[in-house]
Amino acid sequence: MSAAVTLALLFFWSVALNEQVTEGCRCLPKHPQQQFCASDIVFRAKVIGTVNSTLPQLTAYKIQTIETFKQLDKKIFQVIYTSQTSCGINLENGEYLLSGPVKDGRVVVNLCDRVEPWNQLSRVQKMYLSRYQSGCVCEISPCTGASCLIEIPQKKCLIRVNNSFSLDDEEALQSICLPGSDGFCRWRKFLK
């Protein structure tokens, strides 16, 4: 194989691998209820600091769980992990809402998961955390333009997105998608 062909192949593979890593961090915007329903675990925790990770390429944070909103099993997690790649997150000491997958018995969160400082959540967002589970039977689907005006009884709620696929529906962001007595899903607001 000539040096030019080898160099061309190396260039191709480096571009392809770089594109794959970049693509892995692109996250489509989701309604908080979608993130809740797609997660294996959703909880409020206090990050105490980093600890030595026995897993390569993962950063480990020591946590203290304060409140659990969704969990598949009753395991108490004292450590969460994040990737050391560009998809990973950096956490300061303090309280967070954390949600994401549980892989091999570990919570591993990244940029596409819901990781927010607890004090930045609105009162309504905090209240909905205890109600989202009942809406997981509904689907939340993006729509644009006139397609958002169509109201067909169905098991989904529509959420408006703009041309750059950012959520552009403040009303839906302050609501929860729940099934009614007729079985069809609709946006609902609860005020306390």
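Note: hydrogens, waters and symmetry copies are ignored here, and every other heavy atom, side chains too, is used. All residue numbers refer to positions in the sequence shown, counting from 1. Quick caveat, the model's predicted, so the values are computed rather than measured.
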Yes or no on disulfide (SG to SG under 2.5 Å) for C148 and C143, after CA distance, side-chain angles and deciding distance?
CA-CA 5 Å; C148 294; C143 63; 2.0 Å; yes
Can you tell me if [X] uses its side chain to pair, donor with acceptor, with the backbone of [Y] under 3.5 Å?
{"X": "W187", "Y": "L178", "answer": "no"}
{"X": "S39", "Y": "V42", "answer": "no"}
{"X": "K70", "Y": "C37", "answer": "yes"}
{"X": "K155", "Y": "G183", "answer": "yes"}

Report the hydrophobic cluster partners of V47, with the cluster defined as I, L, V, M, F, W, Y residues connected by side-chain heavy atoms closer than 4.5 angstrom, directly or transitively.
I41, F43, Y61, I63, F77, I80, I89, L91, Y96, L98, V102, V107, V109, L111, V115
When you compare the side chain of [Y] with that of [X], does any pair of heavy atoms fall below 4.5 Å?
{"X": "R188", "Y": "S175", "result": "no"}
{"X": "F184", "Y": "K156", "result": "no"}
{"X": "Q35", "Y": "Y132", "result": "no"}
{"X": "L121", "Y": "E116", "result": "yes"}
{"X": "Y128", "Y": "K189", "result": "yes"}
{"X": "F36", "Y": "Q133", "result": "yes"}

Do R160 and E171 meet the salt-bridge criterion of a basic N to acidic O distance under 4.0 Å?
no
Is the closest basic N to carboxylate O distance between R44 and E95 below 4.0 Å?
yes
Please report the interatomic distance [atom1]([X]) to [atom2]([Y]), rounded to the nearest 0.5 Å.
{"X": "K126", "Y": "L97", "atom1": "NZ", "atom2": "CG", "result": "10.0 Å"}
{"X": "L158", "Y": "I140", "atom1": "CG", "atom2": "CD1", "result": "10.0 Å"}
{"X": "Q33", "Y": "Q125", "atom1": "CD", "atom2": "CD", "result": "13.0 Å"}
{"X": "N110", "Y": "T85", "atom1": "CG", "atom2": "OG1", "result": "8.0 Å"}
{"X": "H31", "Y": "S141", "atom1": "NE2", "atom2": "OG", "result": "12.5 Å"}
{"X": "I48", "Y": "N93", "atom1": "CD1", "atom2": "CG", "result": "8.0 Å"}

For L72, is the CG atom crowded, meaning more than 12 foreign heavy atoms sit under 6.0 Å from it?
yes
Might you point out which heavy atoms bring C177 and C185 nearest each other, and give the distance in Å?
SG-CB, 3.8 Å
Closest non-hydrogen contact found for D113 with G100 is OD1-CA, 3.7 Å
Separation of SG atoms, C138 and C157, below 2.5 Å:
no
Using only the SG atoms, decide whether C112 and C87 are less than 2.5 Å apart.
no
Indicate, with yes or no, if F69 and M127 share a hydrophobic cluster defined by side-chain heavy-atom contacts under 4.5 Å among Ile, Leu, Val, Met, Phe, Trp and Tyr.
yes
Enumerate the salt bridge (charged side-chain N to carboxylate O under 4.0 Å, His left out) contacts for residues 51-65, please, sequence neighbours excluded, ordered by first and then second residue.
none
R131 NZ/CZ over F190 ring centroid, <6.0 Å and within 45° of normal:
yes
Donor-acceptor pairs under 3.5 angstrom involving side-chain atoms of residues 51-58: please list them, not counting sequence neighbours.
unit_1	atom_1	unit_2	atom_2	d
S53	OG	L55	N	3.1
S53	OG	L55	O	3.1
S53	OG	L58	O	3.1

